[in-house]
Amino acid sequence: MIPNRISRRTFLKASAATAALLSLGTFELETWQRLNAEREGEVKVTPTLCNACSSKCGIKVYTKNGRLWKVEGHPDHPYSKGKICARGHGLGTLAYSPDRIKEPLKKNGEGKFEPISWEQAYQEIGQKLKEIVAKDGPEKVVYVEDPRPTGKFYGPRFLAAIGSPNYFNHLTVCSNARDTGFLHTIGAVPGSDIANSKYILFIGRSYGDGVRPASVQALVQAKENGAHVVIVDPRLNNTAPLADEWLSIRPGTDLALVLALSNVLIDEGLYDKEFIARYAVGFEDFANKVSSYTPVWAEKITGIPKETITRIAREMGKSKPKAVIEQSWRGGFGCTYANSVDTGRAVALFNALLGNFQQPGGYIFGKPPQLGKLDPTRHPEPGKSSLPRIDQEFSLVDPHNGVASILPKKIEEGKVKAAFICQTNPVRGYTNPKVMADSLEKLELMVVIDVLMSETALVADYVLPEPSYLERDDVIEGISGGKPAIALRQKVIEKVYPHTVPADQIFTEIAKAAGIGEYFNFTLEELNRALLAPLSISLEELREKGTIVLNDPVKMGEVPKLKTPSGKIEFYNESFKKAGFSPVVEWKEPLVKPEQDSFRLITGKQSFHTHAYTVNLPYLLQITKDYESERLWMNRKRAEEMGLKDGDLVEVSSSEATSKIRIKVTDRIHPEALFIPSPYGNYSPYLTLAKGVGFSYMDHVPYRIDPMGGTSMIHEVIVKIRKV
Amino acid sequence: MARYGMLIDTTKCIECFSCRVACQMQNGLPPEESFIKFYGQEEGTYPHVSYYTVPVQCQHCENPPCVANCPTGASYQTEEGVVLVNEEKCISCKYCMVSCPYQARVVSEKTGVVEKCRFCIEEVRQGKEPICVTTCVGNARIFGDLDDPNSEIVRAIAKKKAKPLRPDLGTKPKIFYVR
Ligand code: SF4
Ligand code: SF4
Ligand code: SF4
């Protein structure tokens, strides 16, 4: 039925090539209302999960006549709490992107991609995989992912079925350093109860840039309750409106600040003595060590006035246990500097000094929902591989993360022959892109599963297209927290490109072809029902609700048994000692230092993009264009000294690369640092919108790995700039 | 009859653009066209500097020069005080765009039709709130009836001493800002 009074825009839109974007355009108001009334029942709302970043917020997707209309936050989901960010809205159009991979591709002898049938893809990949396992051993096969729900189940199971232990994900450039520091000192990475906190210190982490909607809402609530918020960052990031002070710290020196804050807490007896006596080991060793890390000492290193350090330590001591250094993810110590693991240790221990564990306004050790599993009598479970991991030299790193940036080295050494890479872009995101791409190219078998043709897909032998997140079901997502929850990503719209296949089926078919099909003799639906079984929630109920918070909250005030070897907070740490590092955290310089005529290049998120993943989406890229957000931030005074003006084109050169970009002159950044947002510099010719926008931070990151946390130390980069 | 207005608290806005994109989707706008614009403000010099942003959209002026200057009556005000454009009557003369002191109007390059924020009146008449309000990640936006002394918005305007942008222009905007 064609309405007779649709607006001019709708006509034009329908005739334009981009008509697929939204079939219902803007109608003149009365028409819109009439149509809306006439078409009642045609608007459908489906609860599902966002895919715009790793948070995977609960969303409600509105469709009209089977096409996407708009997206809303799911009110029950612990990360969205009814709201979603710009990425969550803008990603909705992914399904309709003309840049989608539409059928399986195979690289031919000339390095060009040719479409092949799924059957051919499964058979050839399965056969090749069998050969490699037989010839070189199963440990030569690796799996890399973001992680996202289906991959998190099927990937490791696939590896186990082959007999390989080599699981990796993107945390090597996200939180590996922090995780390593936290796991070995307090046994886990807790969350912060921001809403109830009275004093909140952020180190590099910015709620206004790496947006998780519920976190921002919690911070707003804390502010309304009168909380004091401190941003420690070389850059005044976009959490600025919600902050009371900004400490413009010299990049790479956060550890010195945290040690000095600890010094004051201990020196002035402001720490929670009872808590430490009851739950910690090795406190004396730590206290002795930090006695020399005074605010006077830290002022010289960090550039933050000693009075400020003392005042903040006192204020936090007085506000404890409702005071917290937020645990961050990438932030200032997730993967950024050579001393990031130690910063992570120091942050975990500082929170322990505040006695804030399992206290309102402090650190909360969440728990996961108790999901079920497949019946092993009907669905044989592959045993875990007992072979050593290829990154075993990183003994402190959690094998659930792995050190993905070790791949180039191990490929060169002949220790990796095949890689399966699911919905992640290691070439652009994990370390120096050239190094990663050149090495991946040498693999005997490289399979990429994705929706768009990423830079990683460019170097693959086979590219297998998935339906986008709105066109498929995924494995149920269990969400740990103070109140555990479960959530389901489910199909909202019909497949736009019929020849795309979801990852669960891809793994199942390749497994069959590789002779390990017996471990995949179930459907996604059977799996999801098995996962739900112990919760007495039916799949139908979960489909209807999308997100269900379980009535199983953690007990506040009760510190859970910590998962460290001693079961206690380890101020003195045997694991670090065994691995050849100092058992007590101590000051360590960052790896590199800028000179008078150079800068440290730093990077971070923007609220409307995730990694390189969202830049090709029209609504999100347009924000970049309208606000020229791809520019390089430079301190106003330094710019003036160099005779540079806002908007000038400069050349940025490091040991690794040269890039050209216009500058944004601002007072919001430390004079020794230059800031470039992380997502830009896509070069895949298949990303027709994103290609050539801005430059890639990673191009300038030398190929190096931190021996403690296995991270790419992405902020250890010195650059010079000149006007062009 | 309600008289709708909005409060935008810039001390809570993190310039996340969620409202912008949500509005574009809701209204079927192409990416290049947006009803909400952001005016970032940096104040002070390093390291004593602050930053905030001011989201600006149609202010639904009570005394709207855009309506007064529209030669065809395409721009009009509803009983609820919401300023709208009738696309059928718009001849794309852009008089309204020129007369709007808030630069709130956008023209579709493809069709020439002039548009702007409609306070999501379709949603509001169904008892919902504008989508920029429901999606606001920083809880920076409040929508409601300015004539109801007990509404959240009226109380918030009083409590936070919210003021319209450039009241001196005499257009009597119905969006109030907290700074
Ligand atoms: S803000 Fe501009 S477009 Fe909106 S009512 Fe006022 S004058 Fe008209
Ligand atoms: S009220 Fe509606 S139309 Fe106006 S800016 Fe908000 S979302 Fe857009
Ligand atoms: S959604 Fe809210 S916080 Fe985000 S930019 Fe819009 S007004 Fe600001």
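Each chain gets a letter, A, B and so on, in the order its sequence line appears, and its residues count up from 1.
- To the nearest 0.5 Å, atoms CZ (F17(B)) and CD (Q606(A)) are separated by 8.5 Å.
- Using a 4.5 Å heavy-atom cutoff, the side chains of D667(A) and E42(B) are in contact.
- Expressed to the nearest 0.5 Å, how far OG of S50(B) lies from CG of D244(A) amounts to 12.0 Å.
- Neither the backbone nor the side chain of L247(A) has a heavy atom closer than 4.5 Å to any heavy atom of chain B.
- When heavy atoms are compared at a cutoff of 4.5 Å, R636(A) approaches chain B solely by way of its side chain, counted from C-beta outward.
- By the 4.5 Å heavy-atom criterion applied to side chains, N238(A) and Y51(B) are counted as neighbours.
- Taking every heavy atom of both residues into account, K128(B) and Y62(A) meet most closely at NZ-OH, 4.3 Å.
- Judged purely by distance below 3.5 Å, without hydrogens or angles, the side chains of E72(A) and T134(B) never pair a donor atom with an acceptor atom.
- The candidate from I669(A), L617(A), V71(A) with the greatest count of non-hydrogen atom pairs under 4.5 Å with chain B is I669(A).
- In terms of heavy atoms, K12(B) sits closest to L242(A) at CA-CD2, 3.8 Å.
- For N635(A), the part sitting under 4.5 Å from any heavy atom of chain B is the side chain, from C-beta outward, and nothing else.
- Between chain A and the residues C16(B), P47(B), S34(B), the most heavy-atom pairs under 4.5 angstrom are made by C16(B).
- Between H670(A) and Y46(B), the ring-plane angle classifies as perpendicular under the 30° and 60° cut-offs.
- If you measure heavy-atom distances from S215(A) to chain B, you find no contacts under 4.5 Å at all.
- Neither the backbone nor the side chain of E245(A) has a heavy atom closer than 4.5 Å to any heavy atom of chain B.
- Residue-environment remark: NZ (K81(A)) stays at or below the threshold of 12 foreign heavy atoms within 6.0 Å.
- Minimum heavy-atom separation, V21(B) to H89(A): CG1-CB, 3.5 Å.
- Across all non-hydrogen atoms, the minimal contact from P241(A) to C13(B) is CG-O, 3.1 Å.
- Around atom CD of E79(B), no more than 12 heavy atoms belonging to other residues, nucleotides or ligands sit under 6.0 Å away.
- Between chain B and the options A243(A), S248(A), A240(A), the largest number of non-hydrogen pairs under 4.5 Å is found for S248(A).
- When all heavy atoms of Y627(A) and R20(B) are compared, the closest pair comes out as CE1-NH1, 3.8 Å.
- Residue-environment remark: CD (Q103(B)) stays at or below the threshold of 12 foreign heavy atoms within 6.0 Å.
- Rounding to the nearest 0.5 angstrom, the gap separating the OG1 atom in T93(A) from the CE atom in M25(B) is 6.5 Å.
- Only the side chain of L236(A) comes within contact range of chain B, with at least one heavy atom under 4.5 Å from a heavy atom of that chain.
- The pair E123(B)-K70(A) meets the salt-bridge criterion, since a charged nitrogen lies less than 4.0 angstrom from a carboxylate oxygen.
- Residues K83(A) and V133(B) share a closest heavy-atom pair of NZ-O, 3.6 Å.
- Of the candidates D209(A), V220(A), V211(A), T239(A), V211(A) is the only one forming a side chain to side chain contact (heavy atoms under 4.5 Å, CB included) with I14(B).
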